[in-house]
Structure formats: C-alpha cells, structure tokens
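All chains are named by letter (A, B, ...) in the order of the sequence lines, taking the proteins before the strands, and each is independently numbered beginning at 1.
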Protein chains: 2
Amino acid sequence: MAPAAPPDESVDRRARRRQRTRNDIARIAVRLTAERGYDHVTVDDIAEAADIAPRTFFRSFPSKDDGFFLDHDERMVFLRQALADRPTGEPIRASVRAAVLALAEHVDDDQEAFRAKSLLIRQVPSLRARSADRTGEWQRVLAEGVAQRLGTDAERDLRAQVIAASTVAALQAAVQVWLSTGGEATVHDVVAEALDLITEA
Amino acid sequence: MAPAAPPDESVDRRARRRQRTRNDIARIAVRLTAERGYDHVTVDDIAEAADIAPRTFFRSFPSKDDGFFLDHDERMVFLRQALADRPTGEPIRASVRAAVLALAEHVDDDQEAFRAKSLLIRQVPSLRARSADRTGEWQRVLAEGVAQRLGTDAERDLRAQVIAASTVAALQAAVQVWLSTGGEATVHDVVAEALDLITEA
DNA sequence: GTCGGAATGGCAGTCACTGCCAGTTAATCT
DNA sequence: AGATTAACTGGCAGTGACTGCCATTCCGAC
C-alpha cells in the first residue's frame with residue numbers, strides 16, 4: 001500500500017535538517033582545507049570536526065571532493081530556468097547572455113567566499129578536474145536550452161553546442177581573470193565583458 | 001664532476017625503450033577497459049596483462065587514468081609550436097584557428113582509435129573530469145600564445161583568455177558532435193565549422 | 001507508547017597510490 | 001673482459017578514499 005501522504009511540514013523538516021548538515025560539513029571541509037591544504041585533510045578529519053562518523057560523511061556526499069560543489073546542482077537548475085524564462089522572440093545569443101549574467105550576479109552575493117573557494121579549487125588538481133567536469137554540465141544545460149529554442153537535437157546540433165560551449169568558456173575565463181586581478185570589478189561586470197569579446201573579431 | 005656526455009645513441013635508446021613500454025601499457029589499459037568497463041579493471045590487472053609489477057605501472061604513469069592521455073603532452077607542444085609558427089602580421093583569430101585546425105588534422109590519422117578512446121573517456125566520470133582538466137591546459141597554451149602576440153600578461157588579459165577559451169570550447173564541442181553523429185565528416189571539417197560558428201551571430 | 005522507515009554508526013574489505021629498500025639490468029670506464 | 005655506477009624494476013608495508021553489510025538509534029505517524 002502507498003503510505004499515507006505525510007504532512008508537508010515534517011517532510012520539509014527532514015529535508016531542511018539534511019540540508020543543514022550538508023552545509024555544515026561542506027563549510028568545515030572548506031575551512032580545514034584552506035587551513036592545512038587538501039591532502040593534509042582526511043575525510044576522517046572532516047568527519048571528526050563535523051562530529052559525525054566517517055561513514056556518515058559519504059551519506060551526505062558521494063566523494064570527498066563533492067563538499068566543494070555544494071551549490072552546483074541548484075545553480076544548474078537556476079541556469080536552466082533563467083534560460084527558459086527568456087522571451088521566445090529574443091535572439092538566442094541574447095537569451096543565453098542574459099541567463100548567464102543572471103547566474104553571475106547570483107555569485108556577487110558572497111564574493112569573498114566565492115573567491116576563496118575558487119582559489120582553492122584552482123590549486124588542487126582533483127578539485128580542478130571535478131570543477132571542469134561540472135562546467136561541462138552547465139554547457140549541456142545551455143546546449144539543451146538553445147536546441148529546444150531552435151527545435152533541434154542538442155547532441156547533434158553543432159551550432160547549439162558551440163554557442164553553449166563558447167559562452168560557458170567565456171564565463172570560465174572571466175572568473176579566472178577576476179581571480180588573477182585584484183578583483184576591483186564585480187564578477188558580473190567581467191563576465192559581461194567576456195561575453196562581448198566572444199563575437200568580437 | 002659532471003659525467004662525460006654519453007653517446008647520443010644510448011640515451012635515445014633508453015628513452016625509446018621507455019616510450020615503448022608506456023605505449024604498450026596504455027594500449028593494454030584502453031583495451032581492457034573497453035572490454036570489461038573501467039571499474040572492472042584494476043591496476044593490478046593492467047600490470048599483469050602488460051607483464052610488469054603493479055609498482056612499475058606507477059613508474060610509467062602517475063595515476064591509473066594517465067594511460068588514457070598518453071599523447072596529451074606532445075599535443076600541447078605541437079599546439080604551442082603551431083601557434084608560434086604563424087606569421088606575426090596575421091590577425092590573431094586566424095592564427096589561432098590555423099593552429100587548432102592543424103591539431104585537428106593530426107587526429108584524423110587514426111580516427112577509429114580516437115573515436116573509441118573518446119567514447120570511453122566520455123563515459124567514465126574520472127576520465128571525463130581529467131580530460132576536461134587537460135583541455136584547460138590547452139586553453140592555457142593558447143592564451144599564452146595569444147598574449148605573447150598582443151604583448152600582454154595572459155593571466156590578466158581577458159581578451160586573450162576569451163579567445164583561447166572559446167576556441168578550445170568550440171574544438172571540444174566539435175569533437176562531441178562528431179562523436180554523436182555517425183562520423184561521416186572528418187574531425188577537421190567539423191572543427192573548422194565550429195570555429196566559424198563562434199563569431200557568427 | 002509503539003510502530004516503521006529513515007538516518008547513523010561501526011566493521012571489514014577493496015583499490016589507488018606512496019615510500020622504502022633490495023635486486024637486476026645495462027651503459028661506461030679501465 | 002671485468003669493475004663501476006646509474007637507471008630500471010620488483011616487493012612490501014602502509015595510508016586513505018570509498019563500499020557493502022548489519023546493528024542501532026532517531027523521529028514522525030498513529
């Protein structure tokens with residue numbers, strides 16, 4: 001038998017609790033790594049600092065690295081939605097641009113945390129690789145959105161793929177430059193400039 | 001005292017021998033993985049099939065994954081050189097385009113092997129992530145070449161980074177589409193088309 | 001209060017990878 | 001040829017990420 005639908009509140013409560021734990025663990029993992037360096041922090045260390053059993057860590061995150069990409073999934077959802085929300089009449093590049101800029105703005109909320117985490121990721125090979133892979137997922141999201149607009153099959157539409165890929169690449173490049181320069185500009189502005197540079201000769 | 005310079009021949013011999021071993025191991029690793037799937041092949045399996053001790057495997061490759069990226073370093077050197085070889089008067093985008101196309105042509109030699117390996121990499125998360133990271137190195141090479149031409153500092157020059165990033169992204173996208181479609185076109189042609197699409201509205 | 005499912009913990013095992021030392025090979029010198 | 005020396009290889013023990021399994025605990029629902 002299907003169990004009686006539980007009152008919303010309790011479900012939310014469980015989910016929220018779970019989410020809070022994840023946040024805590026992630027925060028601790030990042031802090032410890034910043035302090036001691038990635039390979040001087042074991043999962044056991046993180047677990048102990050978070051006051052959980054090591055086994056439990058892997059119930060919250062599939063791997064040690066995943067604590068560093070806590071908000072990735074939400075951002076993917078956000079990006080997909082932001083793109084879908086653009087008016088259908090708008091030129092496709094403009095829509096993509098707007099969606100990505102919305103995402104970038106999202107980041108400016110906690111620039112310092114973002115900068116710290118990004119620098120860490122850039123330094124550690126396994127995190128860097130993971131990050132690059134996840135960037136590929138953003139690209140997939142964009143490509144699908146674009147293909148949907150164009151009425152094509154994303155995987156086979158070179159145009160959609162190139163638009164998505166070059167956009168994400170520009171975003172990525174903008175963040176890297178932002179990290180390397182003092183950071184007097186906001187992420188949003190640098191990204192905007194980078195997006196303009198794609199199509200410029 | 002510095003040892004007397006050894007006759008070239010012997011040095012080359014050692015290097016060649018070493019290179020041959022590496023090739024052998026890599027080939028075996030790819031074959032086994034294609035047959036059984038990535039996580040049903042241990043390093044011990046590969047070592048045994050290659051008739052070496054497991055410990056020796058890690059003398060040839062820093063990690064299990066690295067066998068799949070055997071020729072990466074050569075390609076980076078090739079790309080750097082190809083870009084440096086372009087005439088200084090040429091527009092920068094044209095130079096980058098020519099260099100990347102030269103690289104793509106390089107691949108058409110053994111399309112089938114390239115396709116098989118690429119499909120494998122695309123399937124396996126850790127290989128995919130590693131691949132994405134190495135793609136980032138190509139981007140760095142291109143960005144440095146571009147910055148040198150422009151007389152700027154690569155890390156801080158947004159324009160150089162965006163040109164490099166969007167180019168590599170297009171290359172990447174082209175390969176993915178090539179993999180997804182039947183492959184009636186050559187890699188070179190698809191890449192050329194992708195590069196054109198970057199700057200197109 | 002108690003029932004049932006979800007979350008947690010602990011344990012043992014696999015596998016990637018590393019440092020260390022010993023044995024082997026192979027190039028160089030006399 | 002035989003001694004010397006450096007590179008290559010192998011084995012061993014240890015660490016750390018991750019997994020499957022089972023016992024325990026927690027907590028909302030009745």
Would you kindly give the [atom1]-to-[atom2] distance between [X] and [N], to the nearest whole Å?
X: A:Arg20; N: C:dA7; atom1: CZ; atom2: P; result: 15 Å
X: A:Asp44; N: D:dT15; atom1: CG; atom2: C1'; result: 11 Å
X: B:Phe61; N: D:dC8; atom1: CZ; atom2: P; result: 15 Å
X: A:Arg22; N: C:dA7; atom1: CZ; atom2: C1'; result: 15 Å
X: A:Ile52; N: C:dG9; atom1: CD1; atom2: P; result: 7 Å
X: A:Arg17; N: D:dG28; atom1: CZ; atom2: C1'; result: 13 Å
X: B:Tyr38; N: C:dT14; atom1: OH; atom2: P; result: 19 Å
X: A:Phe57; N: C:dT8; atom1: CZ; atom2: P; result: 13 Å

(message) Closer than 4.0 angstrom, basic N to acidic O: yes or no for B:Arg156 and B:Asp153?
(response)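 Salt bridge present between B:Arg156 and B:Asp153.
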(request) Using a strict 4.0 Å threshold on nitrogen-to-oxygen distance, state whether B:Arg130 and A:Asp133 make a salt bridge. (result)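 Not counted as a salt bridge, because no side-chain N and carboxylate O are separated by less than 4.0 Å.
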(request) Could you tell me whether the side chains of B:Arg149 and B:Ser95 share a donor-acceptor contact shorter than 3.5 Å? (result)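 Distance-only check passes for B:Arg149 and B:Ser95.
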Side chain of [X] (C-beta onward), nearest among [options]:
X: A:Arg18; options: C:dA7, D:dT9, D:dA17; result: C:dA7
X: A:Ser63; options: C:dC15, D:dC18, C:dC17; result: D:dC18
X: A:Arg59; options: D:dT19, C:dC17, D:dC22; result: D:dC22
X: B:Arg55; options: D:dG16, C:dG19, C:dC17; result: C:dG19

(message) Heavy atoms only, 4.0 Å cut-off, all strands: where does B:Pro54 land among base, sugar-phosphate and nothing?
(response)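 Nothing, no nucleic acid heavy atom in range.
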(request) Classify the angle between the aromatic ring planes of A:Trp138 and A:His72 as parallel (below 30°), tilted (30 to 60°) or perpendicular (above 60°). (result)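 Ring orientation, 0 to 90° scale: parallel.
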(request) Report yes if at least one side-chain N or O of B:Thr56 is closer than 4.0 Å to OP1 or OP2 of D:dG10; otherwise report no. (result)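 For D:dG10, OP1 or OP2 has a side-chain N or O of B:Thr56 closer than 4.0 Å.
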(message) Given the ring of A:Phe57, does A:Lys64 sit roughly above its face, with NZ or CZ under 6.0 Å from the centre of the six-membered ring and within 45° of the axis?
(response)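 Output no; distance or angle outside limits.
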